[in-house]
Student: 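One structure, as structure tokens, below. Some questions next.
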Amino acid sequence: MTGGGGNEGSLPPRGPVRHTPVLLPQVLTALAPKDGGLYIDCTFGAGGYTRAILDAANCRVLALDRDPDAVASGRSFIQEFGDRIALVESRFAELADVAEAQGFSPADGVVFDLGVSSMQLDEAGRGFSFMRDGPLDMRMSSTGVSAADVVNTFEQDAIADILYQFGEERRSRAIARTIVAARAEKPLERTSELAALCVRVLGQKPGDKHAATRTFQALRLYVNDELDEVSNGLAAAESVLRPGGRLAVVTFHSLEDRIAKQFLNDRAGRVAAPSRHAPAAAEQAAPTFRLITRKPVEPTDEEVAANPRARSAKLRAAIKLDPTA
């Protein structure tokens, strides 16, 4: 994952928008950066949160991103901030090891900005966008199975299950059936081809969410193993935070938010509905977090008007407890 909160259905018709970090004042309030502190931005993206944290206090930031393009584009931060920033290409599952190796464990704060970034959506060649024609890829790290591999080689039932489980697409069976019929004549290789197929199956009314939204979300989450990555990242953040350290998580759709919600509720000793993706909490274990946000913080109408991609964002935050207290 990479920072930026993809919500392509909110993309203005005029085209790409400048990347803007979502809920930035609220995230800074949750993290409360302090001089001498060590902070980890797990989803560097375009560096919006990283820059804001560095500007807020005389602290240091470890910035992570699994997207090599994001890491490459962030090299200018090292020139600007020097040894106050460390920038590493990494997945969430590697967070604890990277933090230890870089001298950021224990940390004073960890932030996640989940989802696909504005830059990835705006770059047609990455294959994330149903509004811009490009190769049907969707991989954040350019390795592993691509979205094209899924739609062209997986069995019909497997495709349908992916669309339903990861995209909550109610017409998953019909879309999967149409995909298999289409690929029998010609492999699906372009985002525009898959988007048009979704429109053909579901229809498209003016003003409604694009018919391909859930299908593209499902393929992206599956290809990048994003839900398990979120679970691994939250568990790793818990292990690297010092007592009094702060965790902030910004999500953009219900599946990720459900994982973050249950994780924090479990760790705060609150009862939550079970999820197969959420990291397991020890039965009747003492709380390890105190919630800062008992209900998610959402963007204001003014922020959504200025940045439509913020529309579905939710912030959840908590403070690590001292187990010896």
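Owing to the predicted nature of the structure, the values given are computational and were not obtained by experimental measurement.
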Student: For Gln102 and Ala86, work out which heavy atoms get closest and say how close.
Tutor: OE1-CB, 3.7 Å

Student: Using 0.5 Å steps for rounding, measure from the OG atom of Ser141 to the CD atom of Glu89.
Tutor: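 So the gap between those two atoms works out to 7.5 Å.
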
Student: Taking all non-hydrogen atoms of both residues, which atom of Leu264 and which atom of Arg316 are closest, and how far apart?
Tutor: CD1-CB, 3.8 Å

Student: Taking all atoms of both residues into account, what is the closest heavy-atom pair of Ser239 and Ala96, and its distance?
Tutor: OG-CB, 3.9 Å

Student: Under a 4.5 Å side-chain heavy-atom rule over Ile, Leu, Val, Met, Phe, Trp and Tyr, are Val199 and Leu197 clustered together?
Tutor: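 No: no chain of side-chain contacts under 4.5 Å links Val199 to Leu197.
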
Student: Quick check: does any side chain N or O of Thr293 sit under 3.5 Å from a backbone N or O of Pro296, one acting as donor and the other as acceptor?
Tutor: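 No; zero donor-acceptor contacts below 3.5 Å.
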
Student: Between Asp161 and Arg173, is there a side-chain heavy-atom distance shorter than 4.5 Å?
Tutor: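 Of all side-chain heavy-atom pairs linking Asp161 with Arg173, at least one is under 4.5 Å.
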
Student: If every non-hydrogen atom of Cys42 is compared with every non-hydrogen atom of Phe92, which pair is closest and at what distance?
Tutor: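 Result for this residue pair: O-CE2, 3.3 Å.
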
Student: So which heavy atom on Ala248 is nearest to which on Leu315, and how close?
Tutor: CB-CD1, 4.0 Å

Student: Can you tell me if Asn224 uses its side chain to pair, donor with acceptor, with the backbone of Arg220 under 3.5 Å?
Tutor: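 Looks like yes, one N/O pair under 3.5 Å.
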
Student: To the nearest 0.5 angstrom, please state how far the CZ atom of Arg139 sits from the CZ atom of Arg66.
Tutor: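 That separation rounds to 11.5 Å.
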
Student: Judged by atom type as modelled, is there a donor-acceptor pair below 3.5 Å linking the side chain of Thr213 to the main-chain atoms of Lys209?
Tutor: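 Checking the backbone N and O of Lys209 against the side chain of Thr213, no donor-acceptor pair under 3.5 Å is found.
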
Student: Just so I know, are the side chains of Val71 and Phe44 near enough to count as touching, which here means a heavy-atom distance under 4.5 Å?
Tutor: no

Student: Applying the 4.5 Å side-chain criterion to the ILVMFWY set and letting contacts propagate, would Val145 and Leu194 be lumped into a single cluster?
Tutor: yes

Student: To the nearest 0.5 Å, tell me how far Phe263 CZ sits from Leu247 CG.
Tutor: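 Interatomic distance, Phe263 CZ to Leu247 CG, rounded to 0.5 Å: 6.5 Å.
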
Student: Are Tyr49 and Phe81 connected, step by step, through hydrophobic side chains (Ile, Leu, Val, Met, Phe, Trp, Tyr) whose heavy atoms are closer than 4.5 Å?
Tutor: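 Tyr49 clusters together with Phe81.
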
Student: Do Arg246 and Val111 touch side chain to side chain, with heavy atoms closer than 4.5 Å?
Tutor: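 No; the side chains remain at least 4.5 Å from each other.
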
Student: Examine the side chains of Asp257 and Thr251 and answer whether a donor and an acceptor come within less than 3.5 Å of each other.
Tutor: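 Yes.
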
Student: Just how far is it from atom NE2 of His210 to atom CZ of Arg214, taken to the nearest 0.5 Å?
Tutor: 14.0 Å

Student: Do the non-hydrogen side-chain atoms of Val250 and Phe112 ever get within less than 4.5 Å of each other?
Tutor: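 Not in contact.
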
Student: Would you say Glu256 and Lys314 make side-chain contact, with heavy atoms under 4.5 Å?
Tutor: no

Student: Compute both the distance and the angle, then confirm whether Arg51 meets the cation-pi test with Phe77: under 6.0 Å from the six-membered ring centre, within 45 degrees of the axis.
Tutor: yes

Student: Any non-hydrogen side-chain atom of Ile162 less than 4.5 Å from a side-chain atom of Phe154?
Tutor: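 Heavy-atom side-chain distance check passes, below 4.5 Å.
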
Student: Please say yes or no: joined through hydrophobic side-chain contacts below 4.5 Å, possibly via intermediate residues, are Ile53 and Ile319 part of one cluster?
Tutor: no

Student: Do Leu321 and Ile292 sit in the same hydrophobic cluster, where Ile, Leu, Val, Met, Phe, Trp and Tyr count as joined when their side-chain heavy atoms come under 4.5 Å apart?
Tutor: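 No: no chain of side-chain contacts under 4.5 Å links Leu321 to Ile292.
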
Student: Using atom types as modelled and distance alone, determine if a side-chain donor or acceptor of Asp137 lies under 3.5 Å from a backbone N or O of Ala147.
Tutor: no

Student: Decide yes or no for Leu255 and Gln217: does some side-chain heavy atom of the first lie under 4.5 Å from some side-chain heavy atom of the second?
Tutor: yes

Student: Side-chain contact, heavy-atom cut-off 4.5 Å: Asp113 with Phe252?
Tutor: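 Yes; the side chains approach each other to less than 4.5 Å.
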
Student: Report yes or no: do Asp41 and Thr50 form a side-chain donor-acceptor pair below 3.5 Å?
Tutor: yes

Student: Would you find a donor on one side and an acceptor on the other, under 3.5 Å apart, between the side chain of Thr191 and the backbone of Gly134?
Tutor: yes

Student: State whether Glu229 and Arg91 are salt-bridged, where the test is any N-O pair (Lys NZ or Arg NE/NH1/NH2 against Asp/Glu carboxylate O) under 4.0 Å.
Tutor: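 Salt bridge between Glu229 and Arg91, a charged N being under 4.0 Å from a carboxylate O: yes.
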
Student: Does this structure show an ion pair linking Lys320 with Glu238, if we count only N-O contacts that are shorter than 4.0 Å?
Tutor: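 Salt bridge between Lys320 and Glu238, a charged N being under 4.0 Å from a carboxylate O: no.
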
Student: Taking all non-hydrogen atoms of both residues, which atom of Ala211 and which atom of Gly203 are closest, and how far apart?
Tutor: CB-O, 3.5 Å

Student: Answer yes or no: are there more than 12 heavy-atom neighbours, outside Tyr164 itself, under 6.0 Å from its atom OH?
Tutor: no

Student: Say whether, by atom type as modelled, one donor and one acceptor occur between the side chain of Arg60 and the main chain of Leu54 under 3.5 angstrom.
Tutor: no

Student: For Glu169 and Leu202, run side chain to side chain contact (heavy atoms under 4.5 Å, CB included): C-alpha distance rounded to whole Å, both residues' side-chain angles, the deciding distance at 0.1 Å, then the answer.
Tutor: CA-CA 11 Å; Glu169 173 55 70; Leu202 302 180; 3.8 Å; yes

Student: I'd like to know if the side chain of Glu193 and the backbone of Arg190 have a donor-acceptor N/O pair within less than 3.5 Å.
Tutor: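 Confirmed, Glu193 side chain pairs with Arg190 backbone.
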
Student: More than 12 heavy atoms of other residues, nucleotides or ligands under 6.0 Å from NZ of Lys186: is that the case?
Tutor: yes

Student: So, Glu168 and Ser254: side-chain donor and acceptor under 3.5 Å apart, yes or no?
Tutor: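 Ser254 and Glu168 do have a side-chain donor-acceptor pair below 3.5 Å.
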
Student: Return the CD to CD distance between Gln26 and Glu298, rounded to the nearest 0.5 Å.
Tutor: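 CD of Glu298 is found 11.0 Å from CD of Gln26.
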
Student: Measure from the side-chain N and O atoms of Ser90 to the backbone N and O of Leu64, and report whether any donor-acceptor pair falls under 3.5 Å.
Tutor: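 Side chain of Ser90 to backbone of Leu64: no pair is present.
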
Student: Within the side chain of Asn152, is there an N or O that forms a donor-acceptor pair under 3.5 Å with the backbone of Leu188?
Tutor: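 Yes; at least one donor-acceptor contact below 3.5 Å.
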
Student: Do side-chain atoms of Asp108 reach the backbone of Tyr39 as a donor and acceptor pair under 3.5 angstrom?
Tutor: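 No, the answer is negative, given that no donor and acceptor are paired below the 3.5 Å cut-off.
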
Student: Do Asp228 and Ser231 meet the criterion of a side-chain donor-acceptor pair at a distance under 3.5 Å?
Tutor: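 Absent: no donor and acceptor within the cut-off.
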
Student: Could you walk me through whether Leu62 and Ile85 pass the side chain to side chain contact (heavy atoms under 4.5 Å, CB included) test, one step at a time?
Tutor: CA-CA 6 Å; Leu62 170 60; Ile85 180 173; over 6 Å; no

Student: Evaluate the criterion side chain to side chain contact (heavy atoms under 4.5 Å, CB included) for residue pair Val151 and Arg183; output intermediate values, then yes/no.
Tutor: CA-CA 8 Å; Val151 299; Arg183 78 187 189 192; 5.8 Å; no

Student: OG of Ser172 to CD1 of Ile175: how many Å apart, nearest 0.5 Å?
Tutor: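 Rounded to the nearest 0.5 Å, the OG-CD1 separation comes to 7.0 Å.
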
